[in-house]
Amino acid sequence: MMKEWLIGIGLAVVIFAGLFLNVNVLPILFLAGLAFVAWFMMERRTAVAGAGRETPVKHQVSFDQIGGQENAKRELREALDFLKYRERIKTLGIRPLKGILLTGPPGTGKTLMAKAAATYTDSVFLAASGSEFVEMYVGVGAQRIRELFRKARQLAKKENKDSAIIFIDEIDVVGGRRGQHSHQEYDQTLNQLLTEMDGMSTTQSPLVLVIAATNRVDILDPALLRPGRFDRQIKVDLPDKEGRLHILQILTAGKPLSENLNLEHIARETFGFSGAQLESLVNEAAIAALRAGSNQITQEMFRDSVDKVLMGERTGRRPTDDELQRVAVHELGHAIVSELMRPGTVSHITIAPRGNALGFVRQIPEADRYLYTLEQLQEQINVALGGCLAEEHHYGNRSTGAQNDFVQASSLARTIVTCGLSRIGIVDEEHLPENVLDTEVRHILAEQERITREILRPYREDIAQFAFDIVREESVDGSVFRDWLSSIQDKKEQGEMKSSEAHRTPETVLLA
Ligand code: ADP
Ligand code: MG
Ligand code: ZN
């Protein structure tokens, strides 16, 4: 605070002098600039000295607080037994474990795992992130690594513990293949890390274990993965439905949930969510309860919060009535195709602008899915194209609102080709000429566009009325939408019956 005041007053004096006293202020400004640069460098140096600041683990994390990840937890615990039962390891002459690499997407609980590992083995815990080692000045990164290991030993001694766990997040930032950077800073940092790890021995006390996390094992320098370094690789993947349920149970424990809240349903609706996203979901739902002045968190609050976590915060954008109507028609197109392809999949249709989208249809995944057949991929393309084709049927033209849908549809089409499911058969993705891929993707999209147009054709006259309802309600539940859809289908069937009865022979009526 003081500093800002002084700078402010100083500036005022300089400006005053320059304007009113006719003093040449340029040299003063130059000196001030120099002083600032010097101060800035000082700050950086201090930051260097403070690298690897021990993050005091306030509340200890235990493995029980990590949901899902049963395999990863078991593997990690097994590996940690090397630390726990050190005497036995020593008598058997087993090489100690020095490094464990946790791999997987962000927010899946890697940091939590490392903290739980420290609790489990009663070790001190130090955390750093790969990006902290990247500096403008060569050698600073290496110095920080050295410092980190020294701090770990020091802290363990101070706290009377005989082991320390160093957690390095985003190891790929420093652990990328050496010689690939134009910057030798990275290489020096990585070399220093390897040196430190090679220098660790079983007889040493305290024993140091390095746990690193990354989402990019593929770019790591092979030297890191050699025996005696990061020997163990443990995959920490996105949780499956059971895992999500478990995480939700942990995160909502002790929170006032409404009685009929169905966590299992939420777990089903959150396919692809990481633990961190689930955490944010639970938090958003609680905030919604606070806003509503309710002392219970309800299913609807969770439902809306899923939208928020997926699509981002509601934006202040206010589309015109015409635009809203068009968005509703568009979303209805997605919803109809989705429901016809896989009944019961529409969770709700919303036209509240969120993030980059003006509206959206949320689908309920039937089950977590990792494999797709050609038909399933084509269906997804149909759903993606349903939006713009509904616009086309209703307005006779399209809008820019389908850009993302096209990106999605193209990517699905590309999957069809590269997985060998297209009419050109098995291909080698690496050697597939770009223009062949292009032609095939275009062919698939044109074909599916035609099919989707036909799927929607019978509904073209009825879309407008329901779109109007969506605009009025802003959000329509899947069950309401399904009722509407089946009422239209009934109407159409009756109509067909009537028109065909006229020229049907009695036998066919009986058969029908
Ligand atoms: P990562 O290190 O893999 O990016 P974190 O461990 O930092 O993920 O997770 C961030 C937050 O997300 C945690 O603090 C926790 O609230 C929540 N979280 C993530 N994964 C889990 C999990 N498996 N169980 C419970 N909470 C989780
Ligand atoms: Mg993390
Ligand atoms: Zn769309």
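Whatever order the structure lists ligands and atoms in, that order sets their numbers, starting from 1. None of the values given here were measured: they were computed from a predicted structure.
- Residue Ile66 places a heavy atom under 4.0 Å from ligand 1.
- A donor-acceptor contact closer than 3.5 angstrom is absent between the side chains of Ser258 and Thr298.
- When the heavy-atom distances from atom 10 (C) of ligand 1 to Gly104, Ser280, Ala276 are ranked, the shortest goes to Ala276.
- A donor atom on one side chain and an acceptor atom on the other are found under 3.5 Å apart for Ser347 and Glu269.
- Remark: ligand 1 and Leu112 share an N or O pair separated by less than 3.5 Å (distance only, no angle test).
- Between the side chains of Asn397 and Arg326, at least one donor N or O lies within less than 3.5 Å of an accepting N or O.
- Using a 4.0 Å cut-off between heavy atoms, Lys110 contacts ligand 1 through both its backbone and its side chain.
- Checking side-chain atoms of Lys110 against main-chain N and O of Gly104 turns up a donor-acceptor pair under 3.5 Å.
- Considering backbone and side-chain atoms together, Thr111 places an N or O closer than 3.5 Å to an N or O of ligand 1.
- Side-chain N/O atoms of Thr320 and Asp322 include no donor and acceptor closer than 3.5 Å.
- There is a side-chain donor-acceptor pair under 3.5 Å between Ser338 and Thr345.
- Using a non-hydrogen distance threshold of 4.0 Å, Gly107 registers as a contact of ligand 1.
- Under 4.0 Å from ligand 1, the heavy atoms of Ile247 that appear belong solely to its side chain.
- Here the side chain of Lys241 pairs no donor or acceptor atom with the backbone of Arg268 at under 3.5 angstrom.
- Between the Asp483 side chain and the Val480 main chain, no donor and acceptor come within less than 3.5 Å of each other.
- Remark: ligand 1 atoms within the under-4.0 Å shell around heavy atoms of Gly109 are 1 (P), 3 (O), 5 (P), 6 (O), 8 (O), 19 (C), 20 (N).
- Sorting the N, O or S atoms of Asp405 by how far they are from the Zn ion (ligand 3) puts OD2 first.
- Distances under 2.8 Å from the Mg ion (ligand 2) pick out the protein N/O/S atoms Thr111 OG1.
- Residue His330 counts as close to the Zn ion (ligand 3), with an N, O or S atom under 2.8 Å.
- Residue Gly67 has at least one heavy-atom neighbour below 4.0 Å for each of these atoms of ligand 1: 22 (C), 23 (N), 24 (N), 25 (C).
- Inclusion of Thr108 in the set of residues having an N or O under 3.5 Å from an N or O of ligand 1 is warranted.
- The residue among Pro239, Gly275, Ala116 with a heavy atom at the shortest distance from atom 18 (N) of ligand 1 is Gly275.
- Considering backbone and side-chain N/O of Asp169, none are found under 3.5 Å from N/O of ligand 1.
- Between Tyr120 and Phe63, the ring planes lie perpendicular to each other; the angle is over 60°, past the 30° to 60° tilted range.
- Ligand 1 lies out of reach of Gly68, whose nearest heavy atom is not under 4.0 Å from it.
- Between Glu392 and Arg457 no salt bridge is recorded (no basic side-chain N to carboxylate O distance below 4.0 Å).
- Taking the charged nitrogens against the carboxylate oxygens, Glu70 and Lys73 do have a contact shorter than 4.0 Å, which makes a salt bridge.
- Heavy atoms of Gln65 come nearer than 4.0 angstrom to ligand 1 in at least one pair.
- Of all heavy-atom pairs spanning Gly99 and Leu209, the tightest one is N-CD1, 4.0 Å.
- Within ligand 1, the atoms closer than 4.0 Å to a non-hydrogen atom of Pro106 are 4 (O), numbered from 1 in the order shown.
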